[in-house]
Colleague: 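A single structure is presented below for examination.
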Amino acid sequence: MTNLWGSRMEKDLDREVKEFSTSIPEDFLLYKYDVWGSAAHCKMLEKVGMISEKESKEILRGLREIFREIEEGKIDPSPFEDIHSLVEIRLRDMIGEEIGGKLHTARSRNDQVVLDERLFLREKIGEMAEGINFVQEALLQKAQENKDVVMPGYTHLQPAQPVLFAHHLLAYFFMLQRDVERLEDARKRVNVLPLGSGALSGTSLPIDREYVAKLLSFPRVQENSMDAVSDRDFILEILGALSILFLHLSRWGEEIVLWSSPAFNFLEIDDAFTTGSSIMPQKKNPDVAELLRGKTGEVVSSWVSLTITLKGLPLTYNRDLQQDKPPLFRAVRETLSSLHIAARLTQNVFPNRESMKKALSIGFLTATDLCEYLVEQGVPFRQAHAWVGEIVKKLSSTGKCLRDLRKEDWGEYQNLFPQNWEEIIDEEKSVRRKASQGSTSPQEVEKEIKKGKELLAQSRELVYSWRRREKESWENLVGENCVF
Ligand code: ARG
């Protein structure tokens, strides 16, 4: 037997239909969560007197055994409709119909599947948060090691103003910080117990949902049984957060691609993180950064895929909902592997100080500094802007830069020509002159680094506390011989 139903039908399930409708190739990886949730359900049935202590012990022993069998690769999942069928049918085989047949009391696969997904996602959120922290740590470290490196900052990819390389890196740190916070926040809505909703309307049997929530370390139970079995927005929210995360990773990837190109030559990528060409022997290609950019499509499309699945579905459970798993698993898998490699790539890129310095002299990067100097002398900003614009026009038409400017060229502003002209247009001094909060000045960047370290420590502490509670629940229910 490989189905949990059948007595109502005159015929066996058509083979092609069976193949078409199975979810086992995807949801097999939920086995741990299916065993975990089943163990909690069993303990609850015992507590409310629906099964005896002896029966409960027997079921728990069976569940542990199934977990071990699966871990050791002893079960062929292919004949089963889904992971829930596999665990229950194997249990009944193992401990007999009399006791094994009681586990599914007051439970439906409809509340069971969302429980499994919530347990899975809760755990993966912790892992993904750690992955993001790993990239953040690499950015922070790189920023710290290169605190004095100045480079051109861009708008429209045109030279704009000088900035510290560290400041540019830390911009990514804070984007990623919001990504972690989005996951942390979404976890509150993942961390809710759906079990006990039955197929859709609850049950007449005397179950205790609060007790199950406590056993599985859920802070609360879902209020509405119909919502509980229909809702997948807890997944959608995570996929949305991961899409944004990948938009950030793809921008960092793009800058690595751009900066490592000879046209910029701002970054050197360690050889072990680049590839060559099968025909052009000179090539050193930034494939890892490109793939970070490329994989973004996969994650964003996961969000789109589930959105389309959910649109317009009538309440409550519909088999369409089974299609939530491929995008969920794909996005989580890509996220975990991409974050790890993104962190290592970040550790393995090295700024090319000389090229950055050379690039500072192109593009009149300190033109705004000149305006700010004039403003300090009492010239209205608009007037200063217009005047400096004139100067730039004159210089660029003759292929000169700000350093070539002489007092005579200042015309009506000659009396304002600064003594410390060289200093005002010096790109490194420009960076140091910045005074506003959050600016690229070394003092502000130092503050960013300090803040970044605090945020990382907080995030780590939070993930540990989640993991401690999850592990405790698993160990109480499934036991020590089954590794968490
Ligand atoms: N494999 C199913 C899914 O992933 C489990 C729920 C099945 N429920 C049902 N009523 N057929 O959605």
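Read the numbers this way: they start at 1 and go in the same order the structure lists the ligands and their atoms. Every value quoted in this text rests on a predicted model; they were computed, and no experiment measured them.
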Colleague: Would you verify whether the NZ or CZ of Arg122 falls within 45 degrees of the ring axis of Phe218 while also being under 6.0 Å from that six-membered ring's centre?
Modeller: yes
Colleague: Sort and list the pairs that fulfil salt bridge (Lys or Arg N to Asp or Glu O under 4.0 Å) and have at least one residue in residues 304-321, not counting sequence neighbours.
Modeller: Glu81-Arg319
Colleague: Applying salt bridge (charged side-chain N to carboxylate O under 4.0 Å, His left out), can you list everything that pairs with Asp271, at least two apart in sequence or on another chain?
Modeller: Lys284
Colleague: Kindly state whether the ring of Trp36 and the ring of Tyr31 have centres lying under 6.0 angstrom apart.
Modeller: no
Colleague: If a pair satisfies side chain to side chain donor-acceptor pair (under 3.5 Å) and one of its residues is in residues 245-262, list it, with sequence neighbours excluded.
Modeller: His168-Glu255, Tyr172-Glu255, Asp179-His248, Trp252-Thr346, Glu254-Arg293
Colleague: Can you list every pair where an N/O of ligand 1 is under 3.5 Å from an N/O on the protein?
Modeller:
unit_1   : atom_1 : unit_2 : atom_2 : d
ligand 1 : 1 (N)  : Ser23  : OG     : 3.1
ligand 1 : 1 (N)  : Asp82  : OD2    : 3.0
ligand 1 : 1 (N)  : Gln322 : OE1    : 3.0
ligand 1 : 4 (O)  : Lys325 : NZ     : 2.6
ligand 1 : 8 (N)  : Asn110 : OD1    : 3.0
ligand 1 : 10 (N) : Asn110 : OD1    : 3.1
ligand 1 : 12 (O) : Tyr317 : OH     : 2.4

Colleague: In this structure, is the centre-to-centre distance between the rings of Phe80 and Phe28 below 6.0 Å?
Modeller: no
